[in-house]
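Some notes on the structure that comes next.
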Amino acid sequence: MPRIQVLDKQVAELIAAGEVVERPSAVIKELVENAVDAGATVVTVEIRRGGVTYMRVSDNGCGILPEDVPVAFLRHATSKVANQEDLNAIGTLGFRGEALASISAVAHVELLTRAQGCAIGTQYRCGGEEEPQCMEAGCPQGTTILVRDLFFNTPARMKFLKKDATEGNAVAGVMDKLALSHPEISFRFIRDGKEQLHSPGDGKLRSAVYAVYGREFTSGLIPLEYSFEHVKVHGFISLPAASRPNRSMQNFFINGRFIRSRTAMAALEEAYKGSIMVGKFPACVLHMEVAAGAVDVNVHPAKLEVRFVNERPIFDAVYHGTLSALNQGDQPKRMELKPPRPNPYAPVLEKPEQTAFQAPPRPNPVLRDSGLPAVREADLPEPILRVLEAVPQKTEPLPKTVASEKPLQRREPQPLPVPTPQTPAPTAPKPEAPPVPEPQFPRPELHTQILGEAFSAYIIVEYGPDALMFIDKHAAHERLLYERLKASGTGGEAQTLLEPVAVNLDQNEYSAVLAHTAELSQAGFEVSDFGSGTVLVRAAPLLLDGQDAAGALMEIAGYLAGFKTELSTAHMDWVYHNVACRAAIKAGDRTSRQELISLAQELERNPQVRYCPHGRPVYVLLKRRELEKQFGRV
């Protein structure tokens, strides 16, 4: 029978470190949160090879006293919680006292710090089973922590790390959230020697959003400011026209801490119902401020999930705040017609001089002799005046037939006389010209009869003598386009866009797209890097226009970022699905009869097409017997 024994301190620390340090992004999150709690206004983060070999976090905060430096690396050592009552109202980002101890258990750590009021700083080195070293050193006020060779003593954890690019994207995502959560702090993120983020730190949330997501995303935001039952919500939400294909751009913060809240997410999307298309999601950067005792952040080791004492005020504040912001900020677009610009090269024509000539009044015998009251010419309608202008004026009285008492009647047009054929005089015979062939147009050879279209979505076809066929024109067109793209092996013929389309992406999506530009080119997309999480679509499949190309690339980027980093054959099929779905005829589009016939003909030539790429049926048959049953004929 196995005996129960107490684990060695080193083994226990390695086990405990797994709850806090899962990957390099978790290390960066813990260290930067400590810098924020220290009152820093400038934080610089640098990583190499995704953070596996090198991480550096520098701040200008209050620093650490020399006598407290060795204590800071002990487990459960913290300056933010003193007793049990402090856990009921946590106002700092960190509070457990496990970050530095867990990091030093699985990596080599070097710390340089100088506290406010101290003339000299402190250097401290530790890591793994090595003996800690503490000495004096010169450094500026604040703290700098270097972490090298993460998981050097735990190869089991090392092999579960992903590629350097993936780990680097995770660190970039953490830095984006931290910059959005504290716009009053200037964050700088350097990745493999290249600066990827630099927020101004001016305290304005819009400036932080601009630094993280760029101009295109920021221009489609609406400000939000709302208070409800001691819950204050402020930030920005996206315009309905700027909705996203996924929820990657939804950012919620509670008291300056990034969280994942199903309550806030449900309230946001409920407020957008009826304003955006089904399958689209709004984006937001929303800060919620509540009393520290009304929320419990000590739920998850990563502190991403929180619990509220009462979730109803949170839901109502986000819901009503979003509705109010949409009513005020989502104004309909107005068309403005600007006057044409003058042509500087057009010849200048002199205006004719105006003479003071006044035409004498014209007599109107018809009105004068009719026995009716006199009517002035100025009182006549404009059409009558134009007719009078066209009538030649004479001073002699008109014939009596015109001035008769009988009302004028409209004369119906008489048919033109048909000339009787006459025998022409005999002339010399002329050579006959060859007959001009009439133009031949392809006639549809459809074995079925198109009866019409219902609800601008379904084609009604009389299919043979005993059935009706209802064709979903979108599903049919989508599947036919998909088969065409799949047979060609590419995304179809590409077209260069007249103006490149800028697409804002999340950090993971951004890196995934740039890593697969060759495969995207095979699918018909020419994509180039524009920096700051933005890519430019310079060419797209011929089936798509500019806006459809941007939406398609967003969905493809989300697909690639969702741990599907290799575009295999099955993944390329998904890309073809996306392109075909966006290029197909939509339900509600006006379609000519010739287009309906052409679609039905192509569907008849491809009997294997029975379902769209999403699995929905392309057509439904209604037998004549079933119809006659409804009318009681059988």
Side-chain angles (χ1 to χ4, degrees), residues 21-38 40-61 93-94 99 103 107 112 142-148 150 161-215 217-218 248-249 251 253 256-258 285 302 504-515 529-535 561:
V21 183
E22 300 176 352
R23 56 195 309 189
S25 59
V27 175
I28 295 297
K29 179 178 181 295
E30 295 292 343
L31 296 181
V32 175
E33 286 182 351
N34 286 341
V36 173
D37 291 337
T41 58
V42 178
V43 178
T44 301
V45 177
E46 182 180 1
I47 66 171
R48 298 173 188 169
R49 289 191 56 191
V52 178
T53 60
Y54 181 87
M55 289 179 279
R56 178 175 64 89
V57 178
S58 302
D59 66 76
N60 63 344
L93 297 180
I103 296 171
L112 285 170
T143 303
T144 299
I145 298 182
L146 288 85
V147 180
R148 296 184 177 91
L150 185 64
L161 290 178
K162 300 185 182 302
K163 296 180 180 178
D164 293 347
T166 304
E167 298 297 340
N169 295 337
V171 175
V174 169
M175 292 302 301
D176 289 347
K177 302 300 186 291
L178 289 167
L180 295 175
S181 64
H182 293 276
E184 73 280 2
I185 301 176
S186 176
F187 290 94
R188 188 179 179 212
F189 175 52
I190 303 172
R191 179 178 177 180
D192 294 326
K194 180 181 178 182
E195 183 180 272
Q196 284 200 342
L197 172 67
H198 193 181
S199 62
D202 55 0
K204 299 178 181 178
L205 182 58
R206 182 178 286 274
S207 300
V209 175
Y210 187 96
V212 173
Y213 291 129
R215 183 184 64 179
F217 179 84
T218 309
S248 62
M249 296 291 196
N251 302 278
F253 304 90
R257 183 194 305 274
F258 174 72
V285 180
N504 290 96
L505 301 172
D506 181 63
Q507 285 292 338
N508 292 331
E509 300 170 347
Y510 171 70
S511 299
V513 168
L514 295 182
D529 185 12
F530 196 59
S532 300
T534 304
V535 296

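Note that the coordinates shown come from a computational prediction; the quantities given were computed from them, not determined experimentally.
When atom types are taken as modelled, the side chain of Asn60 and the backbone of Thr41 share a donor-acceptor pair closer than 3.5 angstrom. Of the possible polar contacts, one joining the Asp192 side chain to the Arg49 backbone as a donor-acceptor pair under 3.5 Å is found. At least one donor-acceptor pair under 3.5 Å links the side chain of Ser199 to the backbone N or O of Phe187. Checked by atom type and distance alone, the side chain of Asp176 never pairs as donor or acceptor with a backbone atom of Val212 at under 3.5 Å. For the pair Asp59 (side chain) and Gly142 (backbone), a donor-acceptor distance under 3.5 Å is absent.
To the nearest 0.5 angstrom, Asp506 atom CG is 8.5 Å from Asn251 atom CG. Expressed to the nearest 0.5 Å, how far OG1 of Thr144 lies from CG of Leu31 amounts to 11.0 Å. Here the CE atom belonging to Met249 is positioned 6.5 Å from the CG atom belonging to Leu505, to the nearest 0.5 angstrom. Annotation: the span from Leu205 atom CG to His182 atom NE2 amounts to 12.0 Å, rounded to 0.5 Å. To the nearest 0.5 angstrom, Arg56 atom CZ is 12.0 Å from Ile145 atom CD1. If you take CG on Asn504 and OH on Tyr213, they are separated by 10.0 Å, rounding to the nearest 0.5 Å.
No side-chain heavy atom of Gln196 sits less than 4.5 Å from a side-chain heavy atom of Met175. With a 4.5 Å cut-off on side-chain heavy atoms, Ser186 and His198 count as touching. No side-chain heavy atom of Arg257 sits less than 4.5 Å from a side-chain heavy atom of Val36. Inter-residue side-chain proximity for Val171 and Phe189 is flagged as met; some heavy-atom pair is nearer than 4.5 Å.
Nearest heavy-atom pair, Lys162 versus Glu167, reported as atom, atom and distance to 0.1 Å: N-OE2, 3.0 Å. Residues Gly168 and Ile47 come closest through the heavy atom pair CA-CD1, 4.2 Å. Contact between Pro183 and Ala208 at its shortest, heavy atoms only, is CB-CB, 4.0 Å.
Tyr510 and Asn169 share no donor-acceptor pair across their side chains, judged by distance under 3.5 Å alone.
Enclosure of atom CZ in Phe530 is not indicated, since only 12 or fewer non-hydrogen atoms of other residues, nucleotides or ligands lie within 6.0 angstrom.
Sorted by first then second residue, the salt bridge (charged side-chain N to carboxylate O under 4.0 Å, His left out) pairs that include residues 180-191, not counting sequence neighbours, are Arg188-Glu195.
With sequence neighbours excluded, no residue forms a salt bridge (charged side-chain N to carboxylate O under 4.0 Å, His left out) with Arg206.
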